[in-house]
Every structure is written in structure tokens, then in C-alpha cells.
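Here is the structure we will look at, set down as C-alpha cells.
Computed over heavy atoms, backbone and side chain alike; hydrogens, waters and symmetry mates excluded. Letters go in sequence order (proteins before strands), and every chain restarts at 1.
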Amino acid sequence: MAGAYDRCVIRIREPHPWPSTEPEAEAIQEQLRSLVRTDTAPAEVRTAAGLDVDYREESDELVAAVTVLDVASLSVVDTAVVTGKAEFPYVPGLFAFREAPPLLRALEKLSAAPDVLVCDGQGLAHPRRFGLACHLGILTDIPSIGVGKTAMGRYEPPGEERGAWSPLRMDDDIVGRALRTQRGVKPVFVSVGHRYTLEAACDLVLRLAPRYRLPETTRTADHLARRQT
DNA sequence: GCGACAG
DNA sequence: ATCTTGTCGC
């Protein structure tokens with residue numbers, strides 16, 4: 001997937017070959033992690049993109065879908081779908097090397113860059129602090145956050161009410177939050193990807209999830225990928 | 001050695 | 001991710 005870099009919506013760094021082995025992939029994560037910025041969030045977030053990949057049959061056929069939502073109305077204003085084949089196995093910690101290439105190809109098809117990427121997975125809540133959301137944020141230079149359905153770190157259950165949260169920890173770091181988006185449902189796991197703050201990320205997720213556990217960005221992207229043939 | 005391990 | 005029944009709630 002060497003071409004992934006020159007297909008980005010916005011390219012910011014020197015291209016390098018896509019890895020074919022796990023040690024190579026880990027080295028790339030270690031190298032890129034220093035570029036992540038978590039000190040500021042966008043002043044205004046008008047549009048938010050949801051990204052999801054759906055897998056087909058037993059093969060490595062996949063469908064990558066991106067939906068862009070108007071944050072105020074939560075209506076879908078743009079979509080992109082791409083089909084392809086997985087070029088990297090699923091390895092916990094190396095998720096981005098499997099899903100980023102088709103997602104970048106889908107992002108390229110959007111008519112305009114969204115204000116934030118809401119990724120289906122982790123950002124800094126990652127063994128090397130460089131999950132999918134960080135990776136996509138760095139490659140596109142678009143602010144990004146990660147919203148995972150399961151945790152990679154340790155956490156105490158947050159309060160039962162919507163908006164309650166507790167720190168998500170890995171080793172000795174606070175890497176994200178377990179955030180309750182609806183009363184009586186399992187929390188989601190929010191972490192920063194790039195050019196965002198944890199506080200603003202949780203704020204955005206709550207705005208995107210007024211009714212269901214998962215943000216509308218994730219839900220619409222998931223539905224779009226799933227309804228493709 | 002054993003369990004854990006985003007999607 | 002996916003395999004899967006019934007069940008609860010809107």
C-alpha cells in the first residue's frame with residue numbers, strides 16, 4: 001500500500017513504504033507518534049466524518065465507508081464507499097495497517113475535508129499510544145478522535161447517567177475515558193487521535209450520540225458499509 | 001506457561 | 001469482525 005500516502009485528502013509528511021511485517025509496522029508507529037498533537041481542538045466543528053470497515057465472507061474482501069454529518073442537525077451531507085481486499089492481517093495493536101488504506105481511499109472521494117474524523121477504534125488508548133485514530137489524523141492532518149466499543153485499558157465503571165465518565169488507563173497513563181452516552185448502556189471508550197483534546201472529544205461524542213450508545217457518525221458509516229454488495 | 005488482545 | 005434466540009423498549 002505504498003500509494004496510500006499520495007492518495008490522502010491532505011498529505012503532511014514524507015511518504016514511506018507501507019509495512020509488510022509486524023516489526024516494521026511497530027517501528028512506524030513509534031516514529032509517527034511524536035507528531036501527535038493533543039493540546040488544542042478545532043474552534044468550530046461543523047462537520048464530522050464517521051469511518052467504518054465491513055468484512056465479507058471468509059476472505060479478506062472489505063467495504064470501507066465514510067459518512068460526513070452536519071453536527072448541528074446530524075444529517076448526512078456526504079458519503080463515500082470503497083471496496084477492496086485487506087492487505088494486512090488483523091493484529092491487535094496494528095489495526096491501522098489493515099483498515100487505514102481503504103479508509104484513506106474512501107476519504108479521498110469526499111467532496112470536501114470534514115472538520116474531524118470519528119474513528120471506529122482507539123486513538124491514544126493503544127499499547128504504543130498510536131491507534132487508528134492517531135494514524136489517520138497524522139496521515140490526513142485532519143483532527144481526529146477514536147471511539148471504541150471495547151476498552152484496551154483499565155477503567156472503573158462511570159456513573160449511570162448520560163455524560164458520566166471515568167479515566168481509561170494503560171500502564172501509568174490516562175489514555176482516554178470510558179464515557180456513558182446513554183443511561184443503562186455500556187460506556188464507549190473515547191481517546192484523542194490528533195489535533196484534539198480529550199475534553200473536547202468527549203463533548204463531541206455526546207453531541208453525536210443523543211439517542212444511541214454509539215455516535216451517529218459510526219452508526220451511519222456502519223449502515224452504509226453494510227448495505228453495499 | 002497462561003491469559004489478554006481496538007475491528 | 002462474525003456466529004446467533006429471544007426479549008425488552010420505543
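Phosphate proximity of B/dG7 to A/Thr150: present, with a side-chain N or O under 4.0 Å from OP1 or OP2. Residue A/Tyr55 places no side-chain N or O under 4.0 Å from the OP1 or OP2 atom of B/dG7.
Atom CZ of A/Arg154 is separated from atom C1' of B/dG3 by 16 Å (rounded to the nearest Å). Atom-to-atom, OH of A/Tyr212 to P of C/dC10 comes out at 12 Å; the value is rounded to the nearest Å. Atom C1' of nucleotide B/dA6 and atom CD of A/Glu26 are separated by 15 Å, given to the nearest angstrom. Between the CD1 atom of A/Ile145 and the P atom of B/dA6 there is a distance of 19 Å, given to the nearest Å. For A/Asp222 and B/dG7, the CG to C1' distance is 11 Å, given to the nearest whole Å. The distance from atom CZ of A/Arg56 to atom P of C/dC3 is 11 Å, rounded to the nearest whole Å. A straight line from CZ of A/Phe130 to P of B/dA6 spans 18 Å, rounded to a whole angstrom. Following rounding to the nearest Å, A/Arg98 (CZ) and B/dG7 (P) show an atom-to-atom distance of 13 Å.
Taking the six-membered ring for Trp and thresholds of 30 and 60 degrees, A/Phe95 and A/Tyr90 have ring planes more than 60 degrees apart, a perpendicular arrangement.
A/Leu103 comes within 4.0 angstrom of nothing in the nucleic acid, heavy atoms only. A/Gly146 comes within contact range of no nucleotide atom at all, as no heavy-atom separation falls under 4.0 Å. A/Gly131 comes within 4.0 angstrom of a nucleotide base, judged by non-hydrogen atoms across all strands.
Side chain to side chain, A/Arg213 and A/Gln182 fail the donor-acceptor criterion of an N or O pair below 3.5 Å.
Cluster annotation: A/Leu35 and A/Leu124 are assigned to the same hydrophobic cluster (Ile/Leu/Val/Met/Phe/Trp/Tyr, side-chain heavy-atom contacts under 4.5 Å, transitive).
For the side chain to side chain contact (heavy atoms under 4.5 Å, CB included) with A/Leu107, the qualifying choice from A/Thr140, A/Val68, A/Leu139 is A/Thr140, the only one to do so.
When each of A/Arg226 and A/Arg211 is assigned the nucleotide of DNA chain C bearing its nearest heavy atom, the one mapping closer to the 5' terminus is A/Arg226.
Here A/Arg180 pairs with A/Glu160 in a salt bridge; the nearest charged N to carboxylate O distance falls below 4.0 Å.
Out of B/dA6, C/dT2, B/dG7, the shortest distance to the side chain of A/His126 is found at B/dA6.
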